[in-house]
Number of protein chains: 2
Amino acid sequence: MQKIEQFLDSKDIRVTAMRLLIYKFLAEKQVAVTLSDIENAFEKADRTTLYRTIKTFEEKAIVHKVDDGTGITKYALCEQGCNCEIETDLHLHFHCNNCNETVCLTEHKIPQIKVPDGFVSENVNLVVKGICDKCSGQ
Amino acid sequence: MQKIEQFLDSKDIRVTAMRLLIYKFLAEKQVAVTLSDIENAFEKADRTTLYRTIKTFEEKAIVHKVDDGTGITKYALCEQGCNCEIETDLHLHFHCNNCNETVCLTEHKIPQIKVPDGFVSENVNLVVKGICDKCSGQ
DNA sequence: TCAATAAATGCACTTCCATTGCATTGGTTT
DNA sequence: AAACCAATGCAATGGAAGTGCATTTATTGA
Ligand SMILES: [Mn+2]
Ligand SMILES: [Mn+2]
Ligand SMILES: [Zn+2]
Ligand SMILES: [Zn+2]
């Protein structure tokens, strides 16, 4: 388990008990989570700490925001070598209308989107909604 | 101006003074607007009425929601024969990071997006962020 | 080692948008 | 006109995001 400590350290994130717990929580989850999800997982922790921890993770680029259109921001761990910032590296997200979970489809990069003359594309958010594999697999 | 009355009527929306005003406001605007935008345009009107008017318009499919990632829902009039619901008819939206305005790119349909086996795509939201024509045109 | 310093945490409070309940007003129908 | 239903207005609520400040915890370096 020393690995996580080392990883955080390599990213200039001081290791604390709470940060380790939150990191592990994110790593175990296969879906993007809300602040409330984390809050519920750690009853004792203060919401502000979670909020700021996630913010730190985001600033240090080990998690990325997921805006799936539910109105509630979700977060997911970045993949190895993920460059959330670089437009060409953007993957799409899938939101299940049934179980309400959102997953990163990291293998599915967002295609080049043409915009009209005069417009400059800097960033793209693409969310597909429908039924996920777990829910469709009846 | 009888046209708008007739149009609303054809959509099973009772014509009221407020609804006419809001409809005209939306029609004049070339960008997606927030509830607050409308609120500011009609100081006298109650926020709830605006809220419910827009909701009615949405239910009757003459406006569609625009989720541009700012966290604030915006609305825009549907084009002639716009079928917001039908996936193949979905257009993309452009949000300017400079002027903060969001426009419908109704000519630009969203390309077919491949999803992994087991996933069923029902709906797609695609938002391009960058610099709009007005702002880039220096 | 221990004091000085900086970072992380916890609590309280605030803001902003979305949404609802209920009373009132206004328009339609018979 | 009476009865009915829809639209409006006011007040209150709820949820999520964000901030200020005091306190605790970790780091540094004298
Ligand atoms: Mn992702
Ligand atoms: Mn649109
Ligand atoms: Zn599902
Ligand atoms: Zn602009």
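Letters A, B, ... mirror the listed sequences (proteins, then strands); counts begin at 1. Worth knowing before you read on, the calculation uses all heavy atoms, side chains too, and leaves out hydrogens, waters and symmetry mates.
When the nucleotides C:dA18, D:dG9, D:dT8 are ranked by their closest atom to the side chain of B:Leu35, C:dA18 comes out on top. Closest to the side chain of A:Arg14, from the set D:dC10, D:dT8, C:dA7, is C:dA7. Residue B:Thr49 has its side chain nearest to D:dT8 when only C:dT28, D:dC10, D:dT8 are considered. Checking D:dA11, C:dG10, C:dA18 against the side-chain heavy atoms of A:Thr48 singles out C:dG10 as nearest.
Rounded to whole Å, the distance from CG on B:Leu50 to P on C:dT20 is 16 Å. At whole-Å resolution of the value, OH in A:Tyr23 and P in C:dA8 are 18 Å apart. Atom pair B:Asp9:CG and D:dA6:P shows a separation of 16 Å (rounding to whole Å applied). Between the CG atom of A:Asp46 and the C1' atom of D:dT23 there is a distance of 13 Å, given to the nearest Å. At whole-Å resolution of the value, CZ in A:Arg47 and P in C:dT14 are 15 Å apart. The nearest whole Å value for the distance from the CG atom in B:Asn40 to the P atom in C:dC16 is 13 Å. Rounded to whole Å, atom P of D:dA16 lies 16 Å from atom NZ of A:Lys65. Here the C1' atom of nucleotide D:dA6 and the CD atom of B:Glu59 are 14 Å apart, to the nearest Å.
Checking B:Met18 against A:Ile72, the closest nucleotide of DNA chain D that is more toward the 5' end is the one next to B:Met18. Nearer to the 5' terminus of DNA chain D, by closest-nucleotide assignment, is the contact made by B:Arg19 (compared with the other of B:Arg19 and A:Val15).
Proximity of a side-chain donor or acceptor of A:Ser121 to a complementary backbone N or O of B:Gly130 within less than 3.5 Å is not detected. Within the 3.5 Å criterion, the main-chain N or O of B:Glu39 finds no donor-acceptor partner in the side chain of B:Ser36.
Taking the six-membered ring where the residue is Trp, the centroids of B:Tyr75 and B:Phe57 are separated by 6.0 Å or more.
At C:dT19, one or more side-chain N or O atoms of B:Tyr51 fall inside 4.0 Å of OP1 or OP2 (strictly under the cut-off). Residue A:Thr16 places at least one side-chain N or O under 4.0 Å from the OP1 or OP2 atom of C:dT9. Contact between the side-chain N/O atoms of B:Thr73 and the OP1/OP2 oxygens of C:dC17 is not found at any separation under 4.0 Å.
The only member of B:Glu5, B:Lys60, B:Glu59 that meets side chain to side chain contact (heavy atoms under 4.5 Å, CB included) when paired with B:Ile13 is B:Lys60.
Side chain B:Arg52 to base D:dG9: a donor-acceptor pair is found below 3.5 Å. Judged by distance alone with a 3.5 Å cut-off, no donor-acceptor contact links the side chain of B:Ser36 to the base of C:dC16.
Applying the 6.0 Å contact sphere to CG of B:Asn40 captures more than 12 heavy atoms from other residues, nucleotides or ligands.
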